[in-house]
Amino acid sequence: MRKKQKTMEELLEEALVPEEEQPYEVRKNYKWVKLGSVISLISGRDVSSKLCNNDGKGIPYIMGASNIIDGKLNVERWIETPTVVGLKGDVLISVKGTVGKTVIQEIEKVHLSRQIMALRCTGIVCNRYLYYYINTYVKQLKENSKGIIPGISREDILNAPFPLASLKEQKRIVDKVERLLSRAC
């Protein structure tokens with residue numbers, strides 16, 4: 001049996017964040033959308049330690065927050081048979097244990113463990129804009145983390161409110177943030 005195709009209006013309705021759930025007011029040319037409507041979310045998967053090596057064979061294996069140091073990936077293990085791959089430009093976020101460490105992936109390909117998720121931008125979101133926004137939203141994500149070992153779910157990320165602006169506006173904001181950050185250092 002074939003699944004009914006949703007209309008553009010139905011898709012837009014699902015993507016928009018209801019007014020009462022919008023964290024704050026944004027300019028009229030922005031729209032609050034659910035983050036999952038503008039990104040692809042890749043959940044990592046653990047593999048047997050027997051498949052990993054310390055010899056640099058294969059692609060890097062990112063195990064968790066301990067691999068994110070000072071905004072860079074610190075590679076300690078590799079895998080020749082990856083199952084879940086993050087791509088250069090993805091925004092990686094730690095989602096188990098130490099929640100909320102982020103980095104923009106600069107390595108061509110990495111295997112992601114279940115402690116890491118990759119937020120892959122679609123053509124309407126700039127990864128650096130997403131990166132800076134996620135870093136401001138991390139406090140809310142941490143509040144949502146549950147369990148003995150803190151963790152955030154796919155739904156926590158997919159349903160996060162996201163202020164969508166035009167690509168031109170996103171790039172303008174990123175440039176301004178980066179100018180301000182360079183002055184602060």
Side-chain angles (χ1 to χ4, degrees), residues 33-49 51-54 56-147 149-164 167 170-171 173-175 177-178 181-182 185:
V33 298
K34 293 177 184 171
L35 186 55
S37 70
V38 295
I39 64 158
S40 295
L41 183 61
I42 296 90
S43 295
R45 187 174 308 130
D46 288 336
V47 296
S48 168
S49 60
L51 298 174
C52 300
N53 68 79
N54 299 329
K57 295 177 184 171
I59 67 172
Y61 182 7
I62 306 305
M63 296 176 289
S66 63
N67 291 115
I68 302 172
I69 300 172
D70 297 326
K72 301 275 184 206
L73 285 177
N74 179 41
V75 178
E76 299 169 341
R77 300 177 88 186
W78 289 262
I79 183 168
E80 293 182 76
T81 55
T83 56
V84 178
V85 176
L87 301 176
K88 185 175 185 174
D90 287 349
V91 176
L92 305 183
I93 183 168
S94 60
V95 295
K96 299 270 188 258
T98 302
V99 172
K101 286 185 86 173
T102 60
V103 66
I104 296 176
Q105 182 177 321
E106 295 179 354
I107 301 169
E108 206 59 46
K109 291 181 179 180
V110 298
H111 174 89
L112 305 171
S113 76
R114 71 181 184 94
Q115 288 81 11
I116 298 286
M117 287 186 195
L119 288 68
R120 188 164 296 151
C121 294
T122 61
I124 61 172
V125 177
C126 168
N127 68 341
R128 290 175 16 231
Y129 178 74
L130 173 62
Y131 171 77
Y132 289 122
Y133 178 73
I134 285 295
N135 279 300
T136 65
Y137 193 71
V138 159
K139 181 179 178 187
Q140 181 66 35
L141 289 171
K142 286 180 179 181
E143 288 174 8
N144 291 343
S145 62
K146 301 167 182 79
I149 299 174
I152 54 176
S153 69
R154 287 182 60 81
E155 288 72 32
D156 291 331
I157 294 174
L158 293 172
N159 292 321
F162 181 73
L164 183 62
L167 276 174
Q170 291 176 45
K171 290 175 183 174
I173 290 167
V174 166
D175 288 344
V177 167
E178 290 178 348
L181 288 175
S182 70
C185 296

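Keep in mind that what you see is a predicted model, and the values were worked out from it rather than measured.
The closest side-chain heavy-atom distance from Asp156 to Val95 is not below 4.5 Å. Taking the side chain as every heavy atom from C-beta outward, Leu181 and Tyr132 approach each other to under 4.5 Å.
The stretch residues 116-130 participates, sequence neighbours left out, in these side chain to side chain donor-acceptor pair (under 3.5 Å) pairs: Asp90-Arg120, Arg128-Glu178. Applying the ring pair (Phe, Tyr, Trp, His ring centres under 6.0 Å) rule to pairs touching residues 87-107 yields nothing, sequence neighbours excluded. Pairs of residues two or more places apart, or lying in two chains, that qualify as ring pair (Phe, Tyr, Trp, His ring centres under 6.0 Å) and include a residue from residues 82-120 are Tyr61-His111.
Val103 pairs by the side chain to side chain contact (heavy atoms under 4.5 Å, CB included) definition with Ile68, Leu73, Leu92, not counting sequence neighbours. With sequence neighbours left out, the side chain to side chain contact (heavy atoms under 4.5 Å, CB included) criterion links Arg114 to Asp46, Lys96. Residues passing the side-chain hydrogen bond (donor to acceptor under 3.5 Å, both in side chains) test with Ser43 are Arg154, sequence neighbours excluded. Remark: Asn135 pairs with Thr102 by the side-chain hydrogen bond (donor to acceptor under 3.5 Å, both in side chains) rule, at least two apart or across chains. When the side chain to side chain contact (heavy atoms under 4.5 Å, CB included) test is applied to Ser66, no partner is found at least two apart in sequence or on another chain. In terms of the salt bridge (charged side-chain N to carboxylate O under 4.0 Å, His left out) criterion, residue partners of Lys72 (sequence neighbours excluded) are, by chain and number, Glu106. Contacts of Asn159 classified as side chain to side chain contact (heavy atoms under 4.5 Å, CB included), with partners at least two apart in sequence or in another chain: Lys34, Glu155. Tyr137 is linked by a ring-ring contact (aromatic ring centres under 6.0 Å, His included) to Tyr133, counting only residues two or more places apart in sequence or in another chain.
A pairwise comparison of heavy atoms in Val47 and Cys52 identifies CG2-SG, 4.1 Å as the closest pair. Across every non-hydrogen atom of Ser113 and Gly64, the tightest pair is OG-N, 4.0 Å. Residues Lys101 and Thr98 come closest through the heavy atom pair CD-CG2, 4.0 Å. When all heavy atoms of Cys126 and Val174 are compared, the closest pair comes out as SG-CG2, 4.5 Å. Shortest non-hydrogen contact noted between Ala118 and Leu112 is CB-CD1, 3.6 Å.
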### Verdict with supporting geometry, Val125 and Phe162, side chain to side chain contact (heavy atoms under 4.5 Å, CB included)
CA-CA 10 Å; Val125 177; Phe162 181 73; 4.0 Å; yes
### Task
Carefully, step by step, assess Lys142 and Ile152 under the rule side chain to side chain contact (heavy atoms under 4.5 Å, CB included).
CA-CA 7 Å; Lys142 286 180 179 181; Ile152 54 176; over 6 Å; no
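The CG atom of Leu158 lies 8.0 Å from the CE atom of Met117; values are rounded to the nearest 0.5 Å. Between Ile107 atom CD1 and Ile59 atom CD1 the span is 9.5 Å, to the nearest 0.5 Å. If you take CD1 on Ile93 and CG on Leu119, they are separated by 6.5 Å, rounding to the nearest 0.5 Å. With rounding to the nearest 0.5 Å, the separation of SG in Cys121 from CG in Leu167 is 9.5 Å. A distance of 13.0 Å separates CD1 in Ile42 from CD1 in Ile116, rounded to the nearest 0.5 Å.
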Could you list the donor-acceptor pairs under 3.5 angstrom formed by side chains in residues 74-88, with sequence neighbours left out?
unit_1, atom_1, unit_2, atom_2, d
Asn74, ND2, Glu76, OE2, 3.3

